[in-house]
Amino acid sequence: MLDHLIKGATVVDGTGAPSYTADVGIRDGRIAVIAEPGTVAEEARTSEDATGLVLAPGFVDPHTHYDAQLFWDPYATPSLNHGVTTVAGGNCGFTLAPLHPERPEDADYTRRMMSKVEGMSLVALEEGAPWNWHTFGEYLDALEGRIAVNAGFMVGHCALRRYVMGADAVGGQPTPAQLEEMLRLFHESMDAGAWGLSTTQSSTHSDGDGKPVASRHARPAELIALSKAVGEHEGTQIEAIVAGCLDQFSDDEIDLFVEMSAAAGRPLNWNVLTIDAAVPERVPRQLIPSERARKAGGRIVALTMPILTPMNMSLGTFCALNLIPGWGEILGLPVPVPERIAKLRDPEVRAEMLRRADSKEAGVFRRLANFGRYVIGDTYSKENEGLTGRVVRDIAAERGQDAFQCLVEICANDDLRTVLWPMPSDNDPASWALRQETWAHEDVMLGGSDAGAHLDRMCGAPYTTRFIGDCLRGRRLVPLEQAVKMLTDDPAQLFGLRERGRIAEGWNADLVLFDPERIEAGQATLVHDLPGDSPRLDAKAIGVNAVWVNGVEAIRDDVVTGAVPGKVLRSGQDTRTVSTR
């Protein structure tokens, strides 16, 4: 007997093939039958009429930070609501394991680092996760059987360094014996099911003490040694971040990426390729590593987002504005707010900030420098009443001020708590045309949501439904069948997921049923539902009828069912080797 029968759905199977109408039956977590409508003879415990609805494989998000959130939110919301059934975690060099059993203070260091570098609520990290593991395998075991999505995790380079080198991981170099111990620990983690190595050399990544995170101190020889270890295990990968990911790679960064992937004989993916027609030289430069890697026996894949992710800013709390060269020293001054406001009101200081924000050294953060295009979000003072939703340019014109001066005065009225929404400068037809062209490249893949991180600042998780809605009723840059493939089979193939990413008989029943006339993501709104009443941005899923994970209904009409059918996906067991040789 079938567990459930979905009748008359328009099946978009993930391969890119034309859609077709079929009845799809689920049994024991698998797709048991795909047949012409009305021809399934086997009885089903439950069934539903899906006429006019699209049935697609569950979406695969290749870049998330759900490592902690899954403990207090096993549904990985809002990703699951938006049809994501498999998430890749442990990215950017940051994981919650391994932790040294004789140094309990390492857990506190890790929590403070994750809070700073990934924008996670420190209270939620402290209260929402059990922290009852030491080895990476124990961390995976702590999640097994209690999550609603499928989840696989890389091992973070920072955790490996911290475990072996202690406080010397920041600023120090491993001795030969310590490097051997790091490799032993790494092999042990992959034996337990880790998907491979994640690491960062990005200048924007600092720990809770404001110091460069541990992996930023690693020299190429250490990274190559770890990469070679990746290649000794089945079904493994590399994910890496360098400073040039934000704008354009240096020659040394290109050399490093190529050598790491070739040494492992495994794919390396990086995040995130920003596509902007105003910077036409960026895409060709960022794809040089991919071209060189294929010649050297590797493969390098650039992740890029198919939507413009809603992201808010503030002059009073850490955000992307702090990463503009020279801005962090002013916005992050360890002095009372009135003194910071006084600094911001100094015309010479503002002039220098604007110069730095628009300079070549600002890289991709130059996109944030058009302050006239910012929209005012939440305000907190009587002086700012009525400004929410208004564009700074218009307010500045009324007041006879330049845009940045106007923005500073509005924020000063709220003691720098004002929520600011920058309007993207790359929402023009030329940039969308360049995205359409770039997506067709064999080493470019959709992803980079950062879901689970930067919770009160950005909401990238709904990129799946927003992209499909855009393909069906908006810009229509790619056909529906191709759009679904880009969200399902493409990432599944990159990670070597076994029997996931397609609708095929015998494959795992990770499925999403949606209304093509309605599918979309709602507006990002701030909610307070994290442990400790901490805030995060959320967005409703529109037009998603149901989501199944391993054959079990996990979402119905944007509401979680309470089931936790997800599986911790372990390398080798649940992933096959994707060799580059």
Side-chain angles (χ1 to χ4, degrees), residues 119 204 246-247 274 276 278 308-428 454-459 523-526 535 537:
T204 64
L246 288 171
D247 189 19
T274 302
D276 186 345
L308 300 177
T309 304
M311 181 181 299
N312 67 47
M313 307 289 171
S314 164
L315 296 183
T317 53
F318 186 87
C319 66
L321 292 172
N322 295 65
L323 304 178
I324 298 172
W327 282 51
E329 298 93 85
I330 297 166
L331 299 182
L333 284 172
V335 296
V337 168
E339 293 185 34
R340 274 185 273 171
I341 291 174
K343 197 85 171 172
L344 287 164
R345 279 178 164 155
D346 184 329
E348 292 185 5
V349 170
R350 287 202 308 274
E352 177 62 11
M353 291 174 73
L354 288 174
R355 187 191 69 78
R356 298 289 295 276
D358 201 37
S359 67
K360 183 174 176 57
E361 64 177 333
V364 75
F365 296 111
R366 290 194 300 271
R367 291 153 45 90
L368 301 177
N370 190 346
F371 295 100
R373 288 175 56 86
Y374 279 53
V375 172
I376 302 299
D378 296 343
T379 62
Y380 302 91
S381 64
K382 184 177 181 180
E383 294 88 339
N384 286 342
E385 285 182 4
L387 295 184
T388 297
R390 296 199 61 194
V391 180
V392 170
R393 181 195 302 111
D394 297 338
I395 304 170
E398 292 171 4
R399 298 181 178 183
Q401 298 172 323
D402 69 66
F404 189 41
Q405 178 189 9
C406 179
L407 182 144
V408 165
E409 290 304 323
I410 292 169
C411 294
N413 289 336
D414 288 332
D415 291 331
L416 303 186
R417 293 187 298 156
T418 316
V419 175
L420 307 169
W421 292 93
M423 293 297 100
S425 59
D426 52 352
N427 195 21
D428 58 298
H454 314 293
L455 298 176
D456 63 342
R457 291 284 168 225
M458 61 179 283
C459 193
Q523 185 175 354
T525 57
L526 201 64
L537 287 170

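Keep in mind that what you see is a predicted model, and the values were worked out from it rather than measured.
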For N384 against I410, the heavy-atom pair lying closest together = ND2-O, 2.8 Å
Backbone N or O of G332 within a donor-acceptor pair of the R340 side chain at under 3.5 Å?
-> no
Look up atom CD1 in I324 and atom CG in L354, then write down how far apart they are to the nearest 0.5 Å.
-> 9.5 Å
For A403 and A396 the tightest heavy-atom approach is CA-CB, 4.0 Å
When every non-hydrogen atom of A357 is compared with those of A362, the smallest separation belongs to O-CB, 3.5 Å
Could I get the full list of ring-ring contact (aromatic ring centres under 6.0 Å, His included) partners for F404, not counting sequence neighbours?
-> W327, F371
State which residues pass side-chain contact (heavy atoms from CB on, under 4.5 Å) with T525; sequence neighbours excluded, sorted by chain then number.
-> V527
Non-neighbouring partners of D394 that pass side chain to side chain donor-acceptor pair (under 3.5 Å), sequence neighbours left out = none
Listed once per pair and sorted, the ring-ring contact (aromatic ring centres under 6.0 Å, His included) pairs that draw on residues 334-367, sequence neighbours left out | none
For the student: nearest non-hydrogen atoms of T388 and G377, plus distance | OG1-O, 2.8 Å
Only counting residues at least two apart or in another chain, list the ones meeting salt bridge (charged side-chain N to carboxylate O under 4.0 Å, His left out) with R390.
-> E398
Partners meeting salt bridge (charged side-chain N to carboxylate O under 4.0 Å, His left out) with E361 (sequence neighbours left out) | R356
List for me each residue that meets side-chain contact (heavy atoms from CB on, under 4.5 Å) alongside R355, sequence neighbours excluded, and say none if there are none.
-> E352
Side-chain polar contacts of residues 310-320 - donor-acceptor pairs under 3.5 angstrom, sequence neighbours left out - could you list them?
from: N312; atom 1: OD1; to: R457; atom 2: NH1; distance (Å): 2.6
from: N312; atom 1: ND2; to: D456; atom 2: O; distance (Å): 3.1
from: S314; atom 1: OG; to: G316; atom 2: N; distance (Å): 3.0
from: S314; atom 1: OG; to: L416; atom 2: O; distance (Å): 3.1
from: T317; atom 1: OG1; to: R457; atom 2: NH2; distance (Å): 2.0

Note, T309 side chain near H454 side chain (heavy atom, < 4.5 Å) = no
List in chain and number order the residues that pass salt bridge (charged side-chain N to carboxylate O under 4.0 Å, His left out) with R367, two or more places apart in sequence or in another chain; answer none if no residue qualifies.
-> D426
Which residue pairs pass the salt bridge (charged side-chain N to carboxylate O under 4.0 Å, His left out) test when at least one of the two sits in residues 405-420, sequence neighbours left out?
-> R345-E409
Locate the shortest heavy-atom distance separating T418 from C411; write the atom from each residue and the value.
-> OG1-CA, 3.2 Å
R373 meets the side-chain contact (heavy atoms from CB on, under 4.5 Å) criterion, sequence neighbours left out, with N370, R393, M423
For P338, side-chain contact (heavy atoms from CB on, under 4.5 Å) partners two or more places apart | P336
Please name the pair of heavy atoms, one in S425 and one in D276, separated by the smallest distance, quoted to 0.1 Å.
-> OG-OD2, 4.2 Å
For the residue pair L526 and V419, establish whether any side-chain heavy-atom pair is separated by less than 4.5 Å.
-> no
Minimum side-chain heavy-atom gap L344-M353 below 4.5 Å = yes
Do L537 and L455 pass the side-chain contact (heavy atoms from CB on, under 4.5 Å) test, and can you show the C-alpha distance, the side-chain angles, and the key distance before you say yes or no?
-> CA-CA 6 Å; L537 287 170; L455 298 176; over 6 Å; no
Between atom CG of D358 and atom CG of L368, what is the distance when rounded to the nearest 0.5 Å?
-> 11.5 Å
